[in-house]
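Okay, structure first, notes after.
As the structure lists them, so they are numbered: ligands from 1, and atoms in each ligand from 1. The residues of the chain are indexed from 1 along the displayed sequence.
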Amino acid sequence: MPSSLNVPNLLSLSRIFLAPLVVFLLTVRIDLDIPYLVNLGLNITYGDIFAGVVFIIAALTDTADGYIARKKGIVTNFGKFIDPLSDKVLVVAALISLVELGRLPAWMVVVIVSRDFVVSGLRMVAAVEGVVIAASWAGKAKTVVQIVAISMMIFNVPLAFPAMWLALLLTVWSGAVYLANGWELIVDTD
Ligand SMILES: O=P(O)(O)OC[C@H](O)CO
């Protein structure tokens, strides 16, 4: 049986540990809130830049973990569980920070978090039935668009809000796909 403590799973776990750093860099701006980069015409601070870089590095581990796991043939059930979970921790940490900064309305985060609770709940029901629901293509596409949209929001660039709308729609749609595919598991559970 493959060990769960392999490189891909440690990469997945690293997202959980990088999430508080993103929150810190975005929201604890006492010493980081140094002059705006007006010369570049960007309404961002160095704190935003550091947060954006850490967020993107953390997000890139999402591509690396799955790639390495498949290439080396070390896909584990723990990996199927921790990969989407750590994405959610990173994404939700950034989203809540953006609400605190006044860049994102809270209701959008509530919709995304609610969808994630529903999908995680479905995974738990499936697990009880002995079925592991790995990330679907719809879910992966949703995560990629979320990461792009959140990065745009962190860097405070134009079109960040429309990008977040697209991410929101994909989030709801991919959640509905999981529910439709797992419906029999739900209704057949004792
Ligand atoms: O489909 P989700 O929401 O469980 O998540 C998908 C993962 O984030 C893909 O890496």
Could you state the interatomic distance from CZ (Phe55) to CG (Leu60), rounded to the nearest 0.5 Å?
10.0 Å
Present, as a list of atom pairs with distances to 0.1 Å, all nitrogen or oxygen contacts under 3.5 Å between ligand 1 and the protein.
unit_1, atom_1, unit_2, atom_2, d
ligand 1, 1 (O), Tyr178, OH, 2.3
ligand 1, 3 (O), Lys88, NZ, 2.8
ligand 1, 3 (O), Arg115, NH1, 2.6
ligand 1, 3 (O), Arg115, NH2, 3.2
ligand 1, 3 (O), Lys142, NZ, 2.8
ligand 1, 4 (O), Lys88, NZ, 2.8
ligand 1, 4 (O), Arg123, NH1, 2.7
ligand 1, 4 (O), Arg123, NH2, 2.9
ligand 1, 5 (O), Lys88, NZ, 3.4
ligand 1, 8 (O), Asp87, OD2, 2.4
ligand 1, 8 (O), Thr143, OG1, 2.7
ligand 1, 10 (O), Asp62, OD1, 3.3
ligand 1, 10 (O), Asp62, OD2, 3.4
ligand 1, 10 (O), Asp87, OD2, 2.7

So, does Ser120 use its side chain to make a donor-acceptor pair with the main chain of Phe117 at under 3.5 Å?
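Answer holds: no.
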Looking at Ser86 and Arg15, would you say the former's side chain and the latter's main chain have a donor-acceptor pair under 3.5 Å?
no
Aromatic rings Phe78 and Phe81: how do their planes relate, parallel, tilted or perpendicular, breaks at 30° and 60°?
tilted
Checking side-chain polar atoms at under 3.5 Å, does Asn6 have a donor or acceptor matched by the opposite partner on Thr76?
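The answer is no; no qualifying pair exists.
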For Lys142 and Ile112, what are the C-alpha separation, side-chain angles and deciding distance, and is it a side chain to side chain contact (heavy atoms under 4.5 Å, CB included)?
CA-CA 11 Å; Lys142 169 272 300 177; Ile112 291 171; over 6 Å; no
